[in-house]
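What follows is a short report on a single structure.
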There are 2 protein chains.
Amino acid sequence: MPIRTAEASPDPDANLLLSRQLCFALHSTTLALGRVYARVLAPLGLTYTQYLALMVLWETGEISVKRLGERLLLDSGTLTPLLKRMEAAGLVARQRDPDDERRVLVTLTQAGAALREQARDIPVQVARICATSGLDLEALKTDLEALRGALGEPGVAPVSTGQ
Amino acid sequence: MPIRTAEASPDPDANLLLSRQLCFALHSTTLALGRVYARVLAPLGLTYTQYLALMVLWETGEISVKRLGERLLLDSGTLTPLLKRMEAAGLVARQRDPDDERRVLVTLTQAGAALREQARDIPVQVARICATSGLDLEALKTDLEALRGALGEPGVAPVSTGQ
DNA sequence: AACAATTAAATTGTGTGCAATTTAATTTTG
DNA sequence: CAAAATTAAATTGCACACAATTTAATTGTT
């Protein structure tokens, strides 16, 4: 049963052309979007990942490092230093959960909560730039989420194809 | 003129929900694909970015750091240490261009060229996993390239909206 | 020819991202 | 209840990614 996809071709060498790689389109587009966010977030003193973490905190108030990682699909090796920097910047507080001393609860400070006002129009700013592509961005988001599901979560192999 | 996109909503707070962000779908999908590549490339001793660089070299033979950066949309701050690691691993050679001593030319070693054989089925392996999403991957790639175009290249502001 | 401007890499410093390991707390089991 | 297993963070070590700066070579301009 032949495989027909974006990355399969009768010519075996053609599969290794950079221009044929979905992975490169995805990778380079993410880097390009990261640069756009870096510009937009610079006035707020935030990095892109810090902004993602703040979005979760604005939504939930208090959250453990573990659950934050589940939301952002990141592990403690990434989050611990990130949160320490945000704590040093006065945006969040970190404290052990009295009910379970293994957990660390992250909460917003006044300054962290206040940043929400300044961030309110960032999605629109970025959406305006993305909109110049003329794409259906909602559909693109849905497709990316479907692909992400096929690729599997952190630490989990996506599919056992048997071979 | 109202803006109608994936990230605009009548409720200003809804725009800041993580689940509504195209950026997060893109970011997290890229990380997920990176983890898949890390598994597939581990037997070859390659990282994902090293694999991208090798694809360009397999295609072009010899290339300057500058042109490699144009192909991969990366700058020398990323490429110089990457290429040094690849040189230390015996995959590439780096030498000043005699015609223009500013340039550094990167070429494949025997070992680097030979890796192409082992890499030949990687696109198919990855495509097989991506195909379980049921998406039209070719169309997705085209859409991502269009979005990347709207976002602009490294060092270049994407659009001047005037305001 | 001399000097300014430009170009190509390299360097510096910061911030992710992740595998692997470690530490401490909690839960499960024998 | 005590030992084993599990869980949550933190830590360690490595590899990007990028802005900003520096260095050296080339091009251009008068």
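Note on naming: letters A, B, ... go to the chains in the order of the sequence lines (proteins, then strands), and numbering restarts at 1 for each one.
Of all non-hydrogen atoms in A:Pro43 and A:Val40, the two that sit nearest each other are CD-O, 3.2 Å. Across all their heavy atoms, A:Leu26 and A:Leu144 have their closest contact at CD1-CD2, 3.8 Å. The two residues B:Leu83 and B:Leu68 make their nearest non-hydrogen contact at CD2-CD2, 4.1 Å. When all heavy atoms are compared, the tightest approach of B:Arg35 to A:Gly152 is NH2-O, 4.4 Å. Closest of all the heavy-atom pairs between B:Leu151 and A:Cys130 is CD2-SG, 4.1 Å.
A:Arg35 has no side-chain polar atom (N or O) that falls below the 4.0 Å cut-off from OP1 or OP2 of D:dA17. At C:dG17, one or more side-chain N or O atoms of B:His27 fall inside 4.0 Å of OP1 or OP2 (strictly under the cut-off).
Within 6.0 Å of CD on B:Gln110 lie no more than 12 heavy atoms contributed by other residues, nucleotides or ligands.
Proximity note for A:Gln50 (side chain, C-beta onward) versus D:dC18, C:dA10, C:dT16: the nearest is C:dT16. For B:Ser64, the listed nucleotide lying nearest its side chain is C:dA9; candidates were D:dA9, C:dA9, C:dG17. Of all nucleotides listed (D:dA9, C:dA9, D:dA19), D:dA9 comes nearest to the side chain of A:Arg96. With C:dA9, D:dA9, C:dC18 as the choices, the nucleotide that has an atom nearest any side-chain atom of A:Asp75 turns out to be C:dC18. For A:Arg94, the side-chain atoms get nearest to D:dA10 when compared with the rest of D:dC18, C:dG17, D:dA10.
As a whole-Å value, the separation of B:Leu73 CG from D:dC16 P is 17 Å. Note: CZ (B:Arg103) to C1' (C:dT6) measures 14 Å, nearest angstrom. Taking atom CG of A:Leu54 as the reference point, atom C1' of C:dG15 lies 15 Å away to the nearest angstrom. Rounded to whole Å, atom P of D:dA9 lies 10 Å from atom CD1 of A:Ile63. Rounded to a whole Å, the CZ atom of B:Arg71 is 17 Å from the P atom of C:dA8. For A:Leu33 and D:dA17, the CG to C1' distance is 15 Å, given to the nearest whole Å. A:Leu52 has its CG atom 10 Å from the P atom of C:dT16, to the nearest Å. One can place OH of A:Tyr48 at 17 Å from C1' of D:dC16, the figure rounded to the nearest angstrom.
Contacts with DNA chain C (heavy atom under 4.0 Å) in residues 76-85 of chain B: B:Ser76, B:Gly77, B:Thr80, B:Lys84, listed by number. A heavy-atom distance below 4.0 Å to DNA chain D is reached by these residues of residues 40-47 of chain B, ordered by number: B:Thr47.
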Would you tabulate the pairs of protein nitrogen or oxygen atoms and nucleotide nitrogen or oxygen atoms of nucleotides 23-25 of chain D closer than 3.5 angstrom?
none

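A:Arg96 contributes a side-chain N or O that, together with a main-chain N or O of A:Arg102, makes up a donor-acceptor pair within less than 3.5 Å.
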**OP:** Walk me through it: do A:Glu87 and A:Lys84 pass the test salt bridge (Lys or Arg N to Asp or Glu O under 4.0 Å)?
**Re:** CA-CA 5 Å; A:Glu87 186 179 41; A:Lys84 282 185 176 175; over 6 Å; no

Original post:
Where do A:Arg120 and A:Glu117 land on the salt bridge (Lys or Arg N to Asp or Glu O under 4.0 Å) test, with the steps shown first?
Top reply: CA-CA 5 Å; A:Arg120 185 156 276 154; A:Glu117 304 307 318; 2.9 Å; yes

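Looking at heavy atoms from C-beta onward, B:Met86 lies in side-chain contact with B:Leu82 at the 4.5 angstrom threshold.
At a threshold of 4.0 angstrom between heavy atoms, the contacts of B:Arg67 with the nucleic acid are absent.
When each of A:Val104, A:Val65, A:Leu105, A:Thr107 is checked for a side chain to side chain contact (heavy atoms under 4.5 Å, CB included) with A:Arg94, only A:Val104 meets the rule.
Neither side chain, B:Ser64 nor B:Arg103, offers a donor N or O lying under 3.5 Å from an acceptor on the other.
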